[in-house]
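Fair warning: this is a prediction, and the values are worked out from it, not measured in the lab.
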Amino acid sequence: MSKLCRQVSIESPGPTMKECVFSFDVPVPDVPMYGARIRVVYAGACYRPNKTRSASVCSTSSISSIGSLSGEMENFGIYKSTPAHIGLKDGALFPGYEVAGVVDAIGKAAERIDGIKEGSRIVLYPYEGVPAGYAEYIVVPDFKSLVLVPDELPLSVAAMLPTGALLAMNAVEIASTYIKMFLNRNVCKRKLTVLIVGTGGLALWALRIATHYFRRMEYNDKIKICVATLKDFKLAEECDQVNVVQWNEVLYEKQLIERTIDACDGYVEVVINFGSTSRALNRSMQCLDIDGVVLVTEDVGDKLIPKFEKKADDLSVRIMKVPNGSIEQLKELVGLVARAEIKPPPYTIFPAEEVQEVVNKLCNSEINGRAILKFHDVD
């Protein structure tokens with residue numbers, strides 16, 4: 001008789017928030033011949049969008065909650081007047097793509113790489129077809145998606161890295177290439193400005209990663225970071241050198257654009273836009289200097305770039321899509337956070353048994369920081 005393990009399914013909440021979380025027993029999966037079975041220790045409350053799903057609430061769009069879930073829903077044009085019924089189209093709200101755990105067993109024909117063995121602490125790179133992490137055990141077909149986690153890095157923190165933090169890192173690295181290009185032109189008589197548009201954990205990741213990267217760039221004294229946020233003034237506490245402007249949606253567009261340009265001391269060269277609405281993208285474009293670039297996530301780019309291509313040409317600016325990031329970048333990010341060179345945003349750990357309460361709190365903005373579910377106690 002097969003051993004059983006617990007699995008949690010979180011369905012889209014209905015109007016009353018009842019019966020949206022289901023817990024049941026499933027067989028412990030067999031170990032793949034060339035892969036491994038992972039004992040899930042922590043899973044971030046997140047959703048990794050892909051081309052087959054509609055835009056939803058996810059860590060890649062900054063599920064966090066200094067503004068919590070409702071703040072992120074506003075990024076998608078979903079407002080909290082009815083927080084329990086958030087109108088998501090996807091069947092699963094949080095499939096659990098941010099997974100950190102321990103290697104439980106290894107297949108007989110597996111090619112072991114990077115010194116990974118039974119008992120190794122790992123974080124899972126979200127490859128295409130990655131299994132949902134809301135089960136006590138998951139399997140991977142090979143070792144290519146596994147990243148070792150150093151002992152000094154808590155698995156709870158590692159669980160936040162594979163989607164939101166990795167996306168922010170890739171966006172900053174792409175922004176850096178454009179910054180270098182502008183600097184090499186040697187025509188800039190003022191500081192170059194990078195504007196980060198977002199709220200919650202994703203914007204915090206981007207701000208902290210950008211501060212780390214730009215500080216190490218040549219001519220770092222010519223690079224300025226600004227932030228535009230819906231309501232997250234936690235960002236203002238990050239650095240005395242960062243100007244924060246609130247994008248209050250009740251104001252006219254012209255007022256918001258003028259306010260942003262004023263906060264940035266002029267038009268900006270690069271916008272890292274984690275918003276997902278046409279309005280946010282249009283506003284970002286109008287804050288750009290000539291030849292400037294606005295970076296958007298892949299799902300937002302697929303949806304909005306065709307609509308804004310002509311306007312971008314008229315303004316002499318560009319819109320570029322940012323993919324989630326590579327496994328090599330994830331390995332680098334794990335090292336940076338482990339060495340405390342980059343500090344993670346706030347987070348709160350909850351026992352997996354409390355998942356229904358976690359969903360309720362997320363939908364009502366009652367959690368400060370990321371929500372992390374704990375399945376096993378190994379730290």
Side-chain angles (χ1 to χ4, degrees), residues 1-11 20-48 50 58-59 91-151 153-163 166 327 330 334 347 349-356 358-359 370-379:
M1 183 175 178
S2 299
K3 292 183 179 180
L4 299 177
C5 68
R6 176 182 37 166
Q7 181 167 322
V8 174
S9 174
I10 306 177
E11 307 298 330
C20 66
V21 177
F22 303 91
S23 181
F24 42 90
D25 292 331
V26 296
V28 173
D30 294 331
V31 183
M33 179 67 70
Y34 300 97
R37 183 170 62 209
I38 308 301
R39 180 157 54 121
V40 177
V41 179
Y42 293 100
C46 77
Y47 159 46
R48 175 176 172 255
N50 60 41
C58 59
S59 77
L93 182 61
F94 304 129
Y97 287 102
E98 292 188 320
V99 172
V102 174
V103 176
D104 179 66
I106 294 175
K108 295 180 180 179
E111 180 183 355
R112 306 188 184 207
I113 59 175
D114 296 335
I116 296 175
K117 58 187 179 181
E118 286 89 347
S120 292
R121 304 163 78 248
I122 58 91
V123 63
L124 182 63
Y125 176 74
Y127 61 93
E128 192 67 33
V130 60
Y134 285 158
E136 290 184 283
Y137 293 90
I138 61 174
V139 294
V140 293
D142 52 48
F143 279 39
K144 296 177 182 177
S145 59
L146 302 182
V147 176
L148 274 173
V149 176
D151 290 340
L153 180 63
L155 286 175
S156 54
V157 174
M160 295 192 288
L161 304 182
T163 53
L166 182 58
I327 190 168
L330 179 57
V334 166
Y347 65 96
I349 298 172
F350 297 90
E353 295 81 4
E354 297 179 11
V355 62
Q356 175 69 70
V358 171
V359 172
R370 285 296 311 281
I372 307 294
L373 295 180
K374 182 177 183 178
F375 283 81
H376 291 102
D377 189 4
V378 299
D379 281 340

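Smallest separation of non-hydrogen atoms from Ser120 and Gly115: OG-O, 4.0 Å. Between Tyr34 and Ala109, the shortest heavy-atom contact is CD2-O, 3.3 Å. Here the closest heavy-atom approach between residue Ser145 and residue Leu124 is recorded as OG-CD1, 3.4 Å. Taking every heavy atom of both residues into account, Leu148 and Val334 meet most closely at O-CG1, 3.8 Å. The minimum heavy-atom distance between Val103 and Ala36, with the atom names listed, is CG1-CB, 4.4 Å. Taking each heavy atom of Tyr42 and Ala159 in turn, the nearest pair found is CB-CB, 3.9 Å.
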field: Stepwise side chain to side chain contact (heavy atoms under 4.5 Å, CB included) test for Met160 and Ile372
entry: CA-CA 8 Å; Met160 295 192 288; Ile372 307 294; 3.6 Å; yes
Stepwise side chain to side chain contact (heavy atoms under 4.5 Å, CB included) test for Leu166 and Tyr125: CA-CA 10 Å; Leu166 182 58; Tyr125 176 74; 3.7 Å; yes
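More than 12 heavy atoms of other shown residues, nucleotides or ligands fall within 6.0 angstrom of atom CZ in Phe350.
Considering only heavy atoms from C-beta on, Asp142 stays 4.5 Å or farther from Glu111 through its side chain. Proximity of Pro162 to Glu98: side-chain heavy atoms (C-beta onward) are separated by under 4.5 Å at one or more points.
Taken from CG in Leu155 to NE2 in His376, the straight-line distance is 12.5 Å, to the nearest 0.5 Å. A distance of 8.0 Å separates CD1 of Ile38 from CD1 of Ile106, quoted to the nearest 0.5 Å.
Each of Val123, Ile138, Ile122 was evaluated against Val99; a single residue qualifies, Ile138, per the side-chain contact (heavy atoms from CB on, under 4.5 Å) test. When each of Val41, Val149, Val147 is paired with Arg121, the side-chain contact (heavy atoms from CB on, under 4.5 Å) condition holds for Val149 and for no other.
Under a 4.0 Å N-O distance rule, the pair Arg39/Glu118 does not qualify as a salt bridge.
Asp114 contributes no side-chain N or O that, together with a main-chain N or O of Ile116, makes up a donor-acceptor pair within less than 3.5 Å. A side-chain donor-acceptor contact under 3.5 Å links Arg37 to the backbone of Pro29.
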